[in-house]
Amino acid sequence: MENIVETNTNSNETNTYSIYPVFWSNEYMGEIEYIYQMYKDQEGRIFSLDAYQDGSLMDLIQETIEQDLVFVVVNHTGEVMANFILSDVYRYKDIIIKANIHCAVRRKFWGKEARSICKEFRKFLEDNFKIKKIIAEVPQCKYGVIKLIKDMGMVHEGTIKECMLYNDKKGQPKWYDKLIYTITRKDM
């Protein structure tokens, strides 16, 4: 399953993205290392401090790769731009009832490019999977992430008060509200 997507980031430039699942194999070790590094670089900024209490970050990545739930977005030069992980997946036959989505975009692709990548990944999911509900859980302090998921078409569905522990700007642990954003397919 691979999706080749052409996008226009400005009037005279077209970027081609490839989106495909990553497998735990030697062939994909470079991409796995990119995935690990993207999450490690953003640790404490996009991840709750308690995210790895049951294991390491690499264990989490390996587990989701083994379940065919890790996808990469690669540009025309073969550079990994972003990755997406689907977690807490509940299935009924060939339908995914719900899945949480996690995303890491390499820092040099933040901004307009990140919005384009995320929109294309949403289209990839709709074209390749039957997913009733996609869920993103975001701390209230992550304004850029909130803007990004709103640009993907996700809508705010609820709030759970003070249940996410992150470092504040001074590096001190602080409790934040968890904002729940979703996309619900109406055609299923």
Side-chain angles (χ1 to χ4, degrees), residues 21-22 24 29-73 79-90 96-119 121-122 125 131 133-184:
V22 173
W24 197 263
M29 275 320 284
E31 290 169 1
I32 292 167
E33 289 171 10
Y34 265 122
I35 291 167
Y36 176 80
Q37 198 57 54
M38 278 189 272
Y39 282 108
K40 196 68 181 162
D41 288 346
Q42 298 175 39
E43 186 176 19
R45 290 187 285 275
I46 64 169
F47 287 108
S48 176
L49 297 174
D50 61 356
Y52 315 117
Q53 69 182 18
D54 296 329
S56 72
L57 176 57
M58 189 53 87
D59 291 340
L60 174 66
I61 292 170
Q62 180 175 353
E63 180 182 316
T64 54
I65 287 174
E66 288 172 353
Q67 296 172 16
D68 299 325
L69 299 173
V70 176
F71 304 87
V72 292
V73 179
E79 182 177 23
V80 175
M81 302 170 73
N83 71 77
F84 293 85
I85 296 176
L86 298 179
S87 68
D88 301 318
V89 174
Y90 291 95
I96 296 175
I97 297 167
K98 79 168 200 71
N100 286 25
I101 190 169
H102 308 276
C103 171
V105 177
R106 290 185 66 198
R107 185 177 301 272
K108 72 185 215 178
F109 300 110
W110 285 6
K112 187 176 180 181
E113 189 94 49
R115 290 191 297 279
S116 174
I117 290 167
C118 288
K119 286 177 185 176
F121 187 73
R122 177 185 173 179
L125 288 177
I131 303 177
K133 186 173 288 278
I134 299 171
I135 302 166
E137 299 175 349
V138 184
Q140 72 192 59
C141 59
K142 304 301 178 192
Y143 305 110
V145 175
I146 293 168
K147 180 171 179 15
L148 187 64
I149 62 177
K150 284 181 176 180
D151 287 346
M152 281 179 72
M154 299 188 101
V155 295
H156 182 250
E157 195 167 299
T159 302
I160 302 172
K161 295 294 192 181
E162 295 186 15
C163 71
M164 298 186 96
L165 184 60
Y166 280 77
N167 285 333
D168 63 14
K169 290 181 181 180
K170 296 177 184 174
Q172 299 300 310
K174 182 177 176 182
W175 291 102
Y176 292 97
D177 294 349
K178 179 190 291 186
L179 306 179
I180 311 296
Y181 284 85
T182 66
I183 297 172
T184 305

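Quick note: residue numbers are just sequence positions, from 1. Hydrogens, waters and symmetry mates play no part in the numbers below; they use all other heavy atoms, side chains included.
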Taking only distance into account, with no hydrogens and no angle test, what donor-acceptor pairs under 3.5 Å do side-chain atoms of residues 152-163 form with protein atoms, sequence neighbours excluded?
residue	atom	partner	partner atom	Å
His156	NE2	Gly158	O	2.9
His156	NE2	Thr159	OG1	3.1
Glu157	OE1	Lys133	NZ	3.1
Glu157	OE1	Thr182	OG1	2.6
Lys161	NZ	Asp177	OD2	3.2

Donor-acceptor pairs under 3.5 angstrom involving side-chain atoms of residues 79-88: please list them, not counting sequence neighbours.
residue	atom	partner	partner atom	Å
Glu79	OE1	Asn75	ND2	3.4
Glu79	OE2	Arg106	NH1	2.8
Glu79	OE2	Lys108	NZ	2.8
Asn83	OD1	Tyr39	OH	2.9
Ser87	OG	His102	NE2	2.7

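Cys141 contributes atom SG, which lies 8.0 Å from atom CD1 of Ile146 (distance to the nearest 0.5 angstrom). For the atom pair Ile117 CD1 and Trp110 CH2, the distance stands at 12.5 Å (nearest 0.5 Å). To the nearest 0.5 angstrom, Ile101 atom CD1 is 7.0 Å from Ile183 atom CD1. Taking CZ from Arg122 and CD1 from Ile149, the interatomic distance works out to 12.0 Å, rounded to the nearest 0.5 Å. Atom CE of Met164 is separated from atom NZ of Lys178 by 5.5 Å, given to the nearest 0.5 angstrom.
When all heavy atoms are compared, the tightest approach of Lys119 to Asp151 is CE-O, 3.2 Å. Between Val89 and Ala99, the shortest heavy-atom distance links the atoms CG2-CB, 3.9 Å.
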Stepwise, does the side chain to side chain contact (heavy atoms under 4.5 Å, CB included) test hold for Leu179 with Glu137?
CA-CA 6 Å; Leu179 306 179; Glu137 299 175 349; over 6 Å; no
